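Step one of this worksheet: look at the structure below.
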Amino acid sequence: MVKRLSAVLLSSVLLLSLAACGGGGNGANNEAGNAPKNEATGKPASGEKTVVKILHWKQENINKAIEEINKKFEEKYPEYKVEYTTTGPDDEFKQAQRARITAGDVDVLADLSGMRLSPKEWTPGAKVPDWQQWIDSGLIADLTDQPFVKNYNANDIAKAGTYKDKVYALPTGKVAMSGFFYNKEIFEQHGLAVPATWTEFIKVLDTLKEKNVVPIVVAGKDVWPLKLPVFGLQAKILGGGDQQKWIEGVWKGQAAYNDAEAVEVLDKMKTLQDKYIIDGFMGIDYATAPSFFATGKAALIADGTWDAPTIATANPDLKFGYFPIPATEDAAKNKSLVGKYDVTWYAADKGPNKEGALKWLEFFSEPENYTSYVKAAGFLPTQDNIQTDSEFIDKELSPYLSGDFELAYEILMINRDNVGEHLAAEGVHTEYLAPGGEFKTAKELADVQQQEWEAAAPK
Amino acid sequence: MKEMYPFGKGLARYVPLLLLMLPMALYIVFYFGPSVMTVIYSFTDITNVPGSKMNFVGLDNYYDVFFAGNSGERVDSIIRTLYFMFIVTVVQNGVALLVAVIINQRLKGDYFYRAVFFLPVVLGVAVVALVWGMMFDPLSGPVNQLYDVMFGYKDMFFGSFTHAFGYIIFVQIWMYMGYSMLIFLAGLQSVPKDLYEAGYIDGTSKWQSFKHITFPLIAPSFTVNMLLSIIGAMSTFDIILATTDGRFNTRTMAYDVYKETFRGSLQMGLPSALSVVQFLMILVFVVVAVKQMRKREVEH
């Protein structure tokens with residue numbers, strides 16, 4: 001009996017220790033777990049190829065460009081082999097990113113809009129974003145002294161690649177998103193010009209409606225495309241055009257989600273949603289929306305500049321342009337685009353092949369390779385003197401890109417921890433104002449937002 | 001005396017114990033261990049960042065579940081979960097019982113019907129969500145055209161703040177009804193024929209024979225079905241993820257757990273606390289349901 005008992009006890013002790021390993025797998029135990037792996041893969045015998053592991057999300061045009069760069073990289077540096085993994089975008093990628101960096105199983109990893117949401121001294125209690133925790137834990141390589149960083153525009157690196165005066169990331173391109181693609185033929189046919197003020201804009205939309213043309217299409221089902229015109233409204237209206245000031249003000253209690261400016265933003269978007277955006281837009285998904293525009297079923301589409309290649313492919317004969325949403329009555333103020341940085345590279349400091357990661361980033365940053373990438377991606381380049389050869393960028397966008405690039409609300413805003421759903425994910429969620437939404441007026445939504453903001457105040 | 005030592009004497013006696021250890025080990029490592037760790041994590045500030053320290057923070061995470069700035073939404077999710085569970089359990093089992101009784105009448109092609117009703121279970125959530133996404137397409141979907149012709153009304157379906165959750169409940173029931181039906185059918189087929197004959201001789205009506213013979217005798221299947229749908233409904237997040245992704249007032253508790261774990265911050269304490277709360281709620285409902293239903297089961 002005693003024997004049997006001790007056998008059971010012994011084995012359960014053994015199992016419990018196993019269980020502890022299993023349970024702690026996503027936490028502290030990994031440090032011990034990946035040390036031997038580093039040694040195994042990081043120091044190969046001479047003459048063998050070492051693997052550079054790159055993690056990115058799926059986006060066909062960009063993936064293709066990177067695969068080509070990888071091929072050239074392997075040709076030039078035969079000692080390396082690139083393992084380029086792509087996952088689904090957004091959440092799926094975020095999960096992969098976390099898993100791989102936690103396991104020390106990645107060398108170069110992509111992020112969307114680097115260096116955002118970092119808490120400031122005026123944001124007490126704000127959550128520390130993933131990337132910052134990674135840097136603080138020493139998981140991301142310091143690129144400050146790497147010569148290839150100099151290939152990039154210093155302002156862009158400062159804005160979207162620098163943390164605590166050190167460079168940790170390479171922002172590889174910018175996109176503008178606060179405007180509309182418009183169908184030039186439809187505009188010509190009805191004698192319309194690109195509007196410069198809000199009044200002109202409404203006039204254009206009314207004219208289109210009178211002529212039985214659906215004015216605007218937007219992919220409401222995915223919800224986020226509704227944010228795009230709102231970014232334009234926010235950047236021009238909040239804080240009298242100084243969005244950053246308004247955001248700080250809202251933290252300090254000097255501005256509010258239900259003050260006149262914030263309500264004006266919601267109200268203008270509500271006007272578009274109620275009157276000018278296609279019926280049933282909350283049922284149109286992002287993949288389908290461009291086809292409405294490309295086939296002339298709608299005169300405008302609210303979309304980011306990155307979608308120009310998609311629209312051109314959907315209808316190669318279509319003549320289209322792009323203009324920023326004329327948010328105010330001040331034509332000069334309206335005349336610039338709002339956007340964000342897109343794909344951003346980090347190198348893992350504790351990955352299996354840091355040296356390979358730096359080599360790859362250096363190769364990627366060579367102007368020739370960078371140009372082929374930025375062309376394929378449709379981004380606005382972050383390296384100087386790059387010829388994109390894109391008529392769309394050079395002719396349609398450049399008039400609106402003089403001066404400094406304005407960052408969108410979702411990039412500048414830092415949310416309070418546990419803020420309510422009407423403000424979640426650094427947005428103001430005009431979908432709640434859509435026909436059938438639970439709020440009948442912009443003010444009602446604004447009041448709820450301000451309540452949620454105050455409720456989330458740090459205690 | 002062979003029977004006393006079926007595995008031999010000495011150390012060999014421990015062979016069965018050892019063999020049992022393997023599944024036990026797997027169970028403990030992959031199921032029981034993580035479950036216990038989740039409870040422990042719910043009292044800490046553990047994060048997903050390797051090398052970071054873990055501190056015990058007492059009930060802070062539980063406080064955040066119910067009293068943080070956005071806890072109103074979590075409470076809404078909990079209420080929605082209960083509503084979901086109640087409707088799904090009642091309607092799914094009601095319809096499944098009805099269908100099972102009809103199919104059990106030995107009508108022609110009952111195998112065909114059985115297969116058809118069971119098919120959605122086999123399809124899986126992603127396919128079901130895709131199919132109903134197309135059926136419920138507000139612009140070109142057949143259901144909206146039908147609504148338009150019949151009532152002159154159009155709906156936004158999964159994009160409607162007021163109706164989306166109702167449509168999700170419908171899809172959930174559509175998807176799992178066949179499963180409950182199969183269990184009822186098995187129960188129905190185990191009811192001895194002679195009882196009905198005895199009832200027939202005593203002059204029972206169809207309803208009486210259902211109420212007094214069938215229903216008490218299939219009570220065990222009823223218990224199983226109720227439990228499965230209560231547990232299933234209270235931990236549903238997949239169909240929500242695949243149809244509305246929690247938008248349009250369709251978040252449930254299980255969806256919140258998923259969201260906080262995989263899409264929220266790197267903090268794992270709060271989602272752990274949420275899942276402990278979820279577990280306790282399921283436990284309460286299951287215990288109450290089992291106690292109630294065990295009373296009604298009869299031996300035969």
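The chains referred to below are lettered A, B, ... by the order of the sequence lines, with proteins before strands, and numbering in each begins at 1. In this text the structure is predicted, and so the values were computed from the model without any measurement.
In terms of heavy-atom pairs under 4.5 Å with chain A, the best-connected choice from F248(B), F157(B), F161(B), F30(B) is F161(B). The choice from K127(A), R98(A), K221(A) that makes the most heavy-atom pairs within less than 4.5 Å of chain B is R98(A). Among D417(A), I278(A), V223(A), the residue with the largest count of heavy-atom pairs under 4.5 Å with chain B is V223(A).
Of all heavy-atom pairs spanning T244(B) and A164(B), the tightest one is CG2-CB, 4.2 Å.
Under the 3.5 Å distance criterion, with hydrogens and angles disregarded, no donor-acceptor pair is assigned to the side chains of Y153(B) and N144(B).
Contacts between Q451(A) and chain B at a heavy-atom distance below 4.5 Å are absent for every atom of the residue. The contact between D279(A) and chain B is made entirely by backbone atoms, counting heavy-atom distances below 4.5 Å. Proximity to chain A (any heavy atom under 4.5 Å) is restricted, for N249(B), to the side chain, taken from C-beta onward. If you measure heavy-atom distances from L139(A) to chain B, the contacts under 4.5 Å come from the side chain alone. If you measure heavy-atom distances from F158(B) to chain A, you find no contacts under 4.5 Å at all. Only the side chain of M156(B) comes within contact range of chain A, judged by heavy atoms closer than 4.5 Å. Looking at S140(B), there are no atoms closer than 4.5 Å to chain A (heavy atoms on both sides), in backbone or side chain. With a 4.5 angstrom heavy-atom cutoff, E452(A) touches chain B only via side-chain atoms. Looking at F67(B), only its backbone comes within 4.5 Å of chain A, counting heavy atoms on both sides.
The side-chain contact (heavy atoms from CB on, under 4.5 Å) with F281(A) is formed by just one residue from the set V217(A), I216(A), L226(A), V214(A); it is L226(A).
Rounded to the nearest 0.5 angstrom, I240(B) CD1 and T250(B) OG1 are separated by 6.0 Å.
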Practice item. List the steps and the verdict of salt bridge (charged side-chain N to carboxylate O under 4.0 Å, His left out) for K53(A) and D105(A). Key: CA-CA 8 Å; K53(A) 291 183 176 177; D105(A) 189 29; 2.6 Å; yes
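The aromatic rings of Y62(B) and F43(B) sit tilted, their planes meeting at an angle between 30° and 60°.
In this structure, R416(A) satisfies the cation-pi test against W251(A), with its NZ or CZ atom closer than 6.0 Å to the six-membered ring centre and inside 45 degrees of the ring normal.
Ring to ring, Y432(A) and H422(A) are close: their centroids are under 6.0 angstrom apart.
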